[in-house]
Amino acid sequence: MTTTQAKAPVSENEVKPLSGPPLLERATQGFDLFQEGRFQESLALFEELASMDASEAYFQTALGACHLALENLDQAEAFFNRAIELDPSDLTPFVNRGEVHLRQGKVMEAARDFNHAVSLDPEGKDPLSDRARKLAAAALESVEAAQSGAPERDSGSELP
């Protein structure tokens, strides 16, 4: 099953305030590295930041996104779980954990995460919730296809 590439933890206009300008600057560097596809470098930077502030959910989400992009699914899931523990109101780790579940073939768990992400943004203001809606629909479609014996449709890597 093919899914979309892991998305960066937050969009450029959603950077959360961190513990001071130096950490914010380093987090921005990590985000930029991620956007450039330099996942290993981004991972190293976010590991450093998380060692400075393990209670910052953004760092945990960023680590999960890096591991997801590197196909380290178990590590990605663990970081997304930690991010959710720290900030259950952020839909980003739910969407990305849903992608981990899809890649692991856990379609129902993925659909639950996507649907929960959508519930966190009922007005659809965050573009990530639209992505979650599309991935939830694709996940449920694959479950229905499997239950009916119909061939599964590839969810495609073209979803935004």
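Model, not experiment: these values are computed from the prediction.
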J.: I'd like to check the side-chain hydrogen bond (donor to acceptor under 3.5 Å, both in side chains) partners of Gln29; sequence neighbours left out, ordered by chain and number.
T.: Arg26
J.: So, using salt bridge (Lys or Arg N to Asp or Glu O under 4.0 Å) as the criterion, who are the partners of Arg112 when residues are at least two apart?
T.: none
J.: For His67, give me all partners under ring pair (Phe, Tyr, Trp, His ring centres under 6.0 Å), at least two apart in sequence or on another chain.
T.: Phe79
J.: Can you name the side-chain hydrogen bond (donor to acceptor under 3.5 Å, both in side chains) partners of Ser51, sequence neighbours left out?
T.: none
J.: Just do the side-chain contact (heavy atoms from CB on, under 4.5 Å) check on Asp113 and Glu109 with the steps written out, would you?
T.: CA-CA 6 Å; Asp113 276 345; Glu109 289 92 337; 5.7 Å; no
J.: Looking at Ala27 and Phe46, what are the two nearest heavy atoms and their distance?
T.: O-CZ, 3.6 Å
J.: Applying side chain to side chain contact (heavy atoms under 4.5 Å, CB included), can you list everything that pairs with Ala136, at least two apart in sequence or on another chain?
T.: Phe114, Asn115
J.: CG of Leu135 to CD of Glu141: how many Å apart, nearest 0.5 Å?
T.: 12.0 Å
J.: How close do Pro88 and Leu120 get, heavy atom to heavy atom, and via which atoms?
T.: O-CD1, 3.8 Å
J.: How long is the span from the CG atom in Leu68 to the OG1 atom in Thr61, to the nearest 0.5 Å?
T.: 12.0 Å
J.: Could you pull out all residues at least two apart from Arg38 that satisfy salt bridge (Lys or Arg N to Asp or Glu O under 4.0 Å)?
T.: Glu36, Glu41
J.: Measure the shortest side-chain to side-chain distance between Gln60 and Asp87 over non-hydrogen atoms and say whether it is less than 4.5 angstrom.
T.: no
J.: Where is the tightest heavy-atom contact between Val107 and Ala139, given as atom of each residue plus distance?
T.: CG1-O, 3.0 Å
J.: In chain order, what residues pass the side-chain hydrogen bond (donor to acceptor under 3.5 Å, both in side chains) check against Ser55, with sequence neighbours excluded?
T.: Asp53
J.: Is there a side-chain contact (heavy atoms from CB on, under 4.5 Å) between Leu49 and Leu23? Walk through the geometry before answering.
T.: CA-CA 7 Å; Leu49 290 171; Leu23 286 179; 3.3 Å; yes
J.: Any chain of hydrophobic side-chain contacts (each under 4.5 Å) joining Leu86 to Met52?
T.: no
J.: Report the residues that fulfil salt bridge (Lys or Arg N to Asp or Glu O under 4.0 Å) with Glu71, sequence neighbours left out, ordered by chain and then residue number.
T.: Arg103
J.: Can you list every pair that meets ring pair (Phe, Tyr, Trp, His ring centres under 6.0 Å) and has a residue in residues 84-111, with sequence neighbours left out?
T.: Phe94-His116
J.: State plainly whether one hydrophobic cluster holds both Val118 and Leu102, where clusters connect Ile, Leu, Val, Met, Phe, Trp and Tyr through side-chain heavy atoms under 4.5 angstrom apart.
T.: no
J.: Only counting residues at least two apart or in another chain, list the ones meeting side chain to side chain contact (heavy atoms under 4.5 Å, CB included) with Asp121.
T.: Leu91, Lys125, Asp126, Ser129
J.: Any chance you could measure Ser89, atom OG, to Ile84, atom CD1, to the nearest 0.5 Å?
T.: 11.0 Å
J.: If you compare all heavy atoms of Gly64 against all heavy atoms of Phe80, which two are closest, and at what distance to 0.1 Å?
T.: C-CZ, 3.1 Å
J.: Would you name the heavy atoms of Arg97 and Asn81 that are closest together and state the gap between them?
T.: NH1-OD1, 2.7 Å
J.: The test is side-chain contact (heavy atoms from CB on, under 4.5 Å); show your working for Gln104 and Asp74 and say whether it passes.
T.: CA-CA 9 Å; Gln104 293 172 328; Asp74 291 336; 3.4 Å; yes
J.: Between Ser42 and Gly30, what is the shortest heavy-atom contact and its length?
T.: OG-O, 2.9 Å
J.: Which distance, rounded to the nearest 0.5 Å, do you find between the CD of Gln75 and the CG of Leu70?
T.: 9.5 Å
